[in-house]
Q: 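So that we are looking at the same thing, I have put the structure below in structure tokens.
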Amino acid sequence: VGGRTRALMLDKDSADVVYAGGVAGGLWKSTNGGQTWRVLFDKFESNTVSCIAQAINGDIYVGTGEGHYSLGSFNGSGSGGMIGSGIWKSTNRGASWTRLASTIPSTANNYVVAFAFVNEVATSPLNAQRVYASTNNGLRVSDDGGQTWINPIHTSEANQSSGDVKVGSDGTVIVSIDSH
């Protein structure tokens with residue numbers, strides 16, 4: 001069972017290939033436009049798929065952690081979202097997956113450590129190695145396919161939760177920080 005679907009992505013080279021991520025059911029793939037589905041991963045350390053992005057070279061990035069649902073819920077108000085395990089990457093259209101070591105949360109089941117919640121992943125249309133991640137600890141950017149990350153925002157809001165990031169066809173980046 002896929003769970004609450006938080007992410008959908010059409011493969012850049014074939015509209016018949018669709019990926020769907022559920023926050024309680026892992027990542028699924030259809031090769032016939034959604035007629036049938038097979039699970040790609042549901043036994044990894046975290047099945048809380050929150051976002052999916054594909055780079056111009058075909059690499060796929062999957063963010064984990066249900067940050068949008070968990071906002072405000074760890075202080076006793078409401079029910080909590082599922083903590084994630086960072087970002088996973090496939091270089092072969094989902095046949096195999098590697099968790100990016102640079103995104104593994106330093107403490108399991110801790111909602112304040114970096115990459116506990118990856119709310120959105122986006123890639124550059126101009127550079128196959130540039131990846132953006134909106135996380136519980138702000139926006140992160142990688143120029144080496146997720147091996148290392150920097151925080152490009154140098155203000156008091158630099159480490160506040162980033163909810164969304166979008167990249168335009170010209171490379172322009174728009175990001176939300178905290179509730180802005």
Q: Testing the 3.5 Å rule here: is there a donor-acceptor pair between the side chains of Thr172 and Asp170?
A: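 Judged by distance alone, the side chains do pair up.
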Q: State which residue, out of Ile56, Thr123, Asn57, fulfils the side chain to side chain contact (heavy atoms under 4.5 Å, CB included) condition with Gln129.
A: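 So the option named by the test is Asn57.
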Q: The test is side-chain hydrogen bond (donor to acceptor under 3.5 Å, both in side chains); show your working for Asn92 and Ser90 and say whether it passes.
A: CA-CA 6 Å; Asn92 54 15; Ser90 175; 2.9 Å; yes
Q: Any heavy-atom pair between the side chains of Pro125 and Val167 that's under 4.5 Å?
A: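 Val167 vs Pro125: side chains touch.
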Q: For Ser102 and Gly146, indicate whether the former's side chain and the latter's backbone hold a donor-acceptor pair under 3.5 Å.
A: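 Checking the backbone N and O of Gly146 against the side chain of Ser102, a donor-acceptor pair under 3.5 Å is found.
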Q: Is there side-chain contact between Pro152 and Leu139, with heavy atoms separated by less than 4.5 Å?
A: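 The answer is yes, as the side chains (C-beta and beyond) meet within the 4.5 Å cut-off.
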Q: Can any side-chain N or O of Thr5 pair as donor or acceptor with the backbone N or O of Gly22 at less than 3.5 Å?
A: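 No; zero donor-acceptor contacts below 3.5 Å.
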Q: Which one of Val112, Thr135, Ile83 satisfies the side chain to side chain contact (heavy atoms under 4.5 Å, CB included) criterion with Phe117?
A: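 Filter result, single survivor: Ile83.
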Q: Would a 4.5 Å heavy-atom cut-off, applied to side chains only, mark Val175 and Ser134 as touching?
A: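 In short, these two side chains touch, coming nearer than 4.5 Å.
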Q: Starting from Ile87 and following side-chain heavy-atom contacts under 4.5 Å between hydrophobic residues (I, L, V, M, F, W, Y), which residues can be reached?
A: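 Taking Ile, Leu, Val, Met, Phe, Trp and Tyr as members, Ile87 shares its hydrophobic cluster with Tyr61, Leu100, Phe115, Val118, Val121, Val131, Trp149.
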Q: For the pair Lys29 and Asp11, find out whether any cationic side-chain nitrogen is under 4.0 Å from an anionic carboxylate oxygen.
A: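 No.
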Q: Is there a donor-acceptor pair closer than 3.5 Å between any side-chain N or O of Gln54 and the backbone N or O of Met9?
A: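 Side chain of Gln54 to backbone of Met9: no pair is present.
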